[in-house]
Amino acid sequence: MSLTPISGRLPQQSHPKITTTTLREQKLRHEPITCLTAYDYPSARLVDEAGIDMVLVGDSLAQAMLGHENTLSVTMDEMLHHVKAVRRGVRNALLLADMPYGSYQVDEKDAVRNAARFVKEGGTEVVKLEGGEKRVDLIRRIIDAEIPVAGHIGLTPQSVNVMGGYKVQGKELAAIEQLMRDATVLDRAGVSCLFLEGIPREVAAMVTAEISAPTIGIGAGPECDGQVLVFHDVVNLTFAPPAKFVRRFGDAAALIMRAAQGFRADVKSRQYPADEESYHLPRDTRAALDTVLARKRAMGR
Ligand code: KIV
């Protein structure tokens, strides 16, 4: 795919194409893996051009883009709509997409069909789904259909109603044992990577040391093989108080507010648009028009 660079905004660098194999190589040489979410063409282009290794079209788009309270209501068609836009903006990063709630929990055949839609219609390279041991048969079937899978354990937002809120998981011994079992079972099933969300760093470190698949943490401490954050959190485009693990690396809200207020002020004061921002008639058309108008004025019309 050839994309024209964004003129003058960013230093253009060439980054190698990232594949699922690259992730494993990065784990082996202890090179931290970077992952950000993206939900549309411009953010996908910028994140890709910044050299981020993995771009995830997360179902967090339900909150970040669509203003929903949680991820549960987002549909396959809504996800695909965003995946297609992101695909057009991503050139080198590995592209992952979240299977939304309801697209894989009910029927395994439907789940494989839905996973294949992400690949066929959306150009996704890896599909991600939530859950540990209980999802292992499904994960094997999807991998059998030649579709790489990313696992996601710990705080799994699609289980918010079962968990009774967004709570850190794996704090008691039994829960830690279950997490370790989940991780090793998914690793043996062949997941390309494993997202660890909202778990103590000590547990994430144990999982990371135990399995061969790269672990990608969010609220799971620094020992994971990689880190993921939601794009809107990173650039301060969210309206709720941030979680403990969020670090703002920029302030898009302030930038957008300043731009919108500047536009408003200049329109209200008639400073925008200026003459040099307006189109003009060609000189001969202008002369002809002046003649017509003068004749009309002379005739009293
Ligand atoms: O939906 C999402 O954004 C995720 C995270 C891992 C960030 O699943």
Side-chain angles (χ1 to χ4, degrees), residues 23 33-40 43-44 47 52-76 78-83 85-86 90 93-105 115 118 122 124-132 135 139 148-160 163 166-170 179 182-183 186 191-199 204 207-208 213-221 224-235 237-238 240 242-249:
L23 301 185
I33 299 166
T34 53
C35 178
L36 283 175
T37 66
Y39 314 110
D40 58 16
S43 61
V47 163
I52 296 297
D53 297 310
M54 304 160 70
V55 172
L56 168 69
V57 186
D59 58 354
S60 52
L61 70 81
Q63 293 116 310
M65 293 293 286
L66 307 177
H68 291 299
E69 225 170 79
N70 56 45
T71 59
L72 299 179
S73 56
V74 74
T75 65
M76 269 302 294
E78 284 171 333
M79 286 299 297
L80 270 169
H81 175 79
H82 289 272
V83 168
V86 170
V90 169
L94 182 71
L95 179 59
L96 297 86
D98 261 341
M99 296 196 66
Y101 176 67
S103 71
Y104 63 95
Q105 287 90 344
F118 275 121
T124 307
E125 290 162 292
V126 179
V127 299
K128 174 163 87 58
L129 54 91
E130 297 181 6
R135 301 272 176 244
I139 288 174
V149 174
H152 182 160
I153 59 172
L155 193 172
T156 46
Q158 292 177 12
S159 320
V160 59
M163 295 182 308
Y166 298 105
K167 296 178 181 155
V168 174
Q169 303 292 303
L179 274 172
D182 289 338
L186 295 194
V191 290
S192 299
C193 59
L194 183 61
F195 284 70
L196 303 177
E197 178 164 357
I199 60 174
V207 171
T208 302
T215 58
I216 312 295
I218 176 160
C224 297
D225 296 306
Q227 298 292 328
V228 55
L229 281 176
V230 165
F231 177 81
H232 288 57
D233 285 336
V234 168
V235 301
L237 263 186
T238 46
K244 175 179 183 166
F245 57 81
V246 167
R247 189 182 293 178
R248 310 277 198 210
F249 289 85

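Ligands are counted one by one from 1 in listed order, and the atoms in each one are counted from 1 as well.
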Return yes or no for this condition: an N or O of Thr37 is under 3.5 Å from an N or O of ligand 1.
no
For Phe195, take its heavy atoms, then give the atoms of ligand 1 lying under 4.0 Å from any of them.
6 (C)
Please identify which atoms of ligand 1 are closer than 4.0 Å to at least one heavy atom of Asp98.
1 (O), 2 (C), 4 (C), 8 (O)
So the atoms of ligand 1 within less than 4.0 Å of a heavy atom of Ile218 turn out to be 7 (C)
Pair Asn70, Gln63: side-chain N/O donor-acceptor within cut-off below 3.5 Å:
no
Regarding Tyr39 and Ser60, do their side chains bring together a donor and an acceptor under 3.5 Å, going by distance alone?
yes
For ligand 1, does Leu56 get within less than 4.0 Å through its side chain, its backbone, both, or neither, judged by non-hydrogen atoms?
side chain
Give the numbers and elements of all ligand 1 atoms closer than 4.0 Å to a heavy atom of Gly58.
1 (O), 2 (C), 3 (O)
Among protein heavy atoms, which sits nearest to atom 3 (O) of ligand 1, and what does the distance come to when rounded to 0.1 Å?
Ser60 OG, 2.5 Å
Within ligand 1, which atoms have a heavy atom of Lys128 less than 4.0 Å away?
4 (C), 8 (O)
Please determine if Asp59 has a nitrogen or oxygen closer than 3.5 Å to a nitrogen or oxygen of ligand 1.
yes
Taking atom types as modelled, find out whether Tyr166 and Glu197 have a side-chain donor-acceptor pair closer than 3.5 angstrom.
no
Mark the output for His152 as yes if a heavy-atom distance to ligand 1 is under 4.0 Å, and as no if none is.
yes
Modelled atom types, side-chain donor and acceptor of Thr208 and Asp225, under 3.5 Å:
no
How close do Pro148 and Ser192 get, counting heavy atoms only, and between which atoms?
CB-OG, 3.5 Å
Less than 4.5 Å apart, any side-chain heavy atom of Leu36 and any of Val234?
yes
Output yes when a side-chain donor or acceptor of Arg135 lies under 3.5 Å from a complementary backbone atom of Glu130, and no otherwise.
yes
